[in-house]
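Have a look at the structure below, then the notes.
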Number of protein chains: 2
Amino acid sequence: MKPETDARTDTRKKILDLAEVLMLSRGFNAFSYQHISGELGVRNAAIHYHFPKKTDLGVALIERYRRRFARYVAAQAELPPPLQLERYFTLADTYYDKQQICPSGILSAELHTLPPEMRQCTASFVEEMRAWAVDIVRRGQQEGAMQYAGTPEGMGTIVFAAMQGSLQLARLDGGALDEVKQQIRLLLGISAS
Amino acid sequence: MKPETDARTDTRKKILDLAEVLMLSRGFNAFSYQHISGELGVRNAAIHYHFPKKTDLGVALIERYRRRFARYVAAQAELPPPLQLERYFTLADTYYDKQQICPSGILSAELHTLPPEMRQCTASFVEEMRAWAVDIVRRGQQEGAMQYAGTPEGMGTIVFAAMQGSLQLARLDGGALDEVKQQIRLLLGISAS
DNA sequence: GACACCTTACTGACCAGTAAGTAGAGTCGC
DNA sequence: GCGACTCTACTTACTGGTCAGTAAGGTGTC
């Protein structure tokens, strides 16, 4: 009989979940082991048991994100590109509702203060996300569901950059995210939805 | 006879200059008075003399940026919109060359960890920058030098968000900035330059 | 009795911020 | 033209708090 939760993975997962929320709202440098242990009702050293160095926690966080993102992409690979884009927009909305920004945004903003191990996997993660955005608009163009000027690389990159930027701006100007989403629809020639 | 430099303004300016570089490359939370005093060859308390709290330094930094930005905008208000956009692109390049990101990017990413006074003037600053981007594309459209889908608000906001995002991404993917710049030119219908 | 998963107790580094003192330059009365 | 005063721009020396990280011990489970 497979245990639903064993203590090991359970606490470890709770730590990662809390750390993720903290990173996406405050940034990696701006949260401490105290924030996590306090919330979790354990001692500081318990976090160090699972993640000896904060760098270990950071790397685990990013790697989990990469796996989750890969699953997310695979799960809806068969959907029409415009619908994938709308799902992406919905995802951004949930970040906005939680007052968070996207991981690539906070990681690239803090990049110069991150340990080298984290920089490494951040680079891979961000490249994967950008490539996915490029892929959506490329397939959208091929299937005739999207029309736009320029290359899929240019369009995908600007979509990704604009979404990352607008999630940050939306913290200060609540309307920015909706405005950017709508403008992206127009630029891709998919005004109806 | 007016003194070229008196000690007061000189040290104060050097502190602001150094703090600005530190903030744009490492972020506001990730630099300390030690970073500045060490580089400047003074003691820590000298910084506290000019800026009692770190919040004071942060606010002074943003307010100086706002004044500089206002002068920058005024100085080229008469230029044709497409040229203003190119100047903006050139400005972004100099940030990239210095491995920095734009102030609105770092400030909005760190927003939740900033003191309230800094959040306040950050909001004003970011709104001014966004409005400026909107104004460029609006006038570009009115003068017939730019053609694009959607409203000036939508297009200006996406241009601003995409530039902010791509400056961050460019730290990990050097090509992102050029790609976004070129795509913006295409989307505004000003491919030649 | 071995191992996973914690605890208590601690270290040293760094941090923002403060208090009190000082050197030098300018100003004033005389 | 000279002492007394004052102000600016620092200094030294310190505090209390927070941080990541470690060592050693305890406790329940297989």
Side-chain angles (χ1 to χ4, degrees), chain A residues 1-23 25-62 106 110 112-119, chain B residues 1-20 22-23 25-62 110 112-119:
Chain A
M1 177 160 45
K2 181 174 155 199
E4 292 257 317
T5 56
D6 71 85
R8 170 176 188 99
T9 56
D10 196 50
T11 302
R12 190 187 151 91
K13 183 177 180 305
K14 283 179 183 166
I15 293 169
L16 282 169
D17 288 344
L18 258 168
E20 185 179 306
V21 169
L22 286 163
M23 188 175 81
S25 60
R26 301 178 50 91
F28 183 75
N29 292 310
F31 78 84
S32 72
Y33 274 26
Q34 266 95 317
H35 288 110
I36 301 173
S37 58
E39 191 86 17
L40 219 65
V42 296
R43 295 300 168 157
N44 230 326
I47 321 287
H48 279 286
Y49 170 75
H50 290 283
F51 303 97
K53 307 287 163 74
K54 203 186 175 188
T55 301
D56 300 325
L57 174 58
V59 169
L61 226 41
I62 302 171
I106 194 68
E110 289 189 306
H112 288 359
T113 67
L114 297 180
E117 301 93 315
M118 285 184 67
R119 266 182 256 183
Chain B
M1 175 163 40
K2 178 174 156 199
E4 293 257 317
T5 58
D6 71 82
R8 170 176 189 98
T9 57
D10 196 49
T11 302
R12 190 188 150 90
K13 184 178 178 304
K14 282 179 185 167
I15 292 169
L16 281 169
D17 289 344
L18 258 168
E20 186 177 307
L22 286 164
M23 189 175 80
S25 59
R26 300 179 52 91
F28 183 73
N29 292 310
F31 78 85
S32 72
Y33 276 25
Q34 265 95 319
H35 287 112
I36 301 172
S37 59
E39 191 84 17
L40 220 66
V42 297
R43 295 299 170 159
N44 231 323
I47 321 286
H48 280 287
Y49 170 76
H50 291 284
F51 303 97
K53 307 287 161 76
K54 203 186 174 188
T55 301
D56 300 325
L57 174 58
V59 169
L61 225 41
I62 301 172
E110 288 189 305
H112 289 357
T113 67
L114 297 180
E117 301 94 316
M118 285 183 69
R119 267 183 256 183

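Residue numbers start from 1 in every chain, and the chains themselves are labelled A, B, ... in the order their sequence lines are given, proteins ahead of strands. Predicted, not measured: the structure shown is a model, and the values here were computed from it.
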From [options], pick the nucleotide closest to the side chain of [X]?
X: Y33(B); options: dA16(C), dC6(C), dT8(D); answer: dA16(C)
X: A45(B); options: dC10(D), dG21(D), dT12(D); answer: dT12(D)
X: A46(B); options: dT8(D), dT11(D), dT18(C); answer: dT11(D)
X: H48(A); options: dC5(C), dT7(C), dT22(D); answer: dT22(D)
X: S32(A); options: dT12(D), dT8(C), dC19(D); answer: dC19(D)

*asked:* Quick check on E39(A): does its CD atom have over 12 non-hydrogen neighbours (other residues, nucleotides or ligands) under 6.0 Å away?
replied: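 Atom CD in E39(A) is not crowded, with 12 or fewer foreign heavy atoms closer than 6.0 Å.
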_CZ (R119(B)) with more than 12 external heavy atoms under 6.0 Å_ =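 Yes - once you tally the heavy atoms of other residues, nucleotides and ligands closer than 6.0 Å, there are more than 12.
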Can you tell me how far [atom2] of [N] sits from [atom1] of [X], to the nearest Å?
X: K54(A); N: dC19(D); atom1: NZ; atom2: P; answer: 9 Å
X: D10(B); N: dA9(D); atom1: CG; atom2: P; answer: 11 Å
X: Q34(B); N: dA16(C); atom1: CD; atom2: P; answer: 6 Å
X: F51(B); N: dC15(C); atom1: CZ; atom2: P; answer: 19 Å
X: I47(A); N: dC5(C); atom1: CD1; atom2: C1'; answer: 12 Å
X: R12(B); N: dA9(D); atom1: CZ; atom2: P; answer: 10 Å
X: N44(B); N: dT12(D); atom1: CG; atom2: P; answer: 12 Å
X: R43(B); N: dT8(D); atom1: CZ; atom2: P; answer: 24 Å

_Quick one, F28(A) and I62(A) - any side-chain contact, counting heavy atoms below 4.5 Å?_
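In short, these two side chains do not touch, never coming nearer than 4.5 Å.
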*Indicate yes or no: at least one non-hydrogen side-chain atom of K54(A) is less than 4.5 angstrom from one of F31(A).*
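Counting from C-beta outward, K54(A) and F31(A) do come under 4.5 Å.
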Counting just side-chain N and O atoms, does [X] come under 4.0 Å of either OP1 or OP2 of [N]?
X: H50(A); N: dC6(C); value: yes
X: Y49(A); N: dC6(C); value: no
X: T11(B); N: dC10(D); value: yes

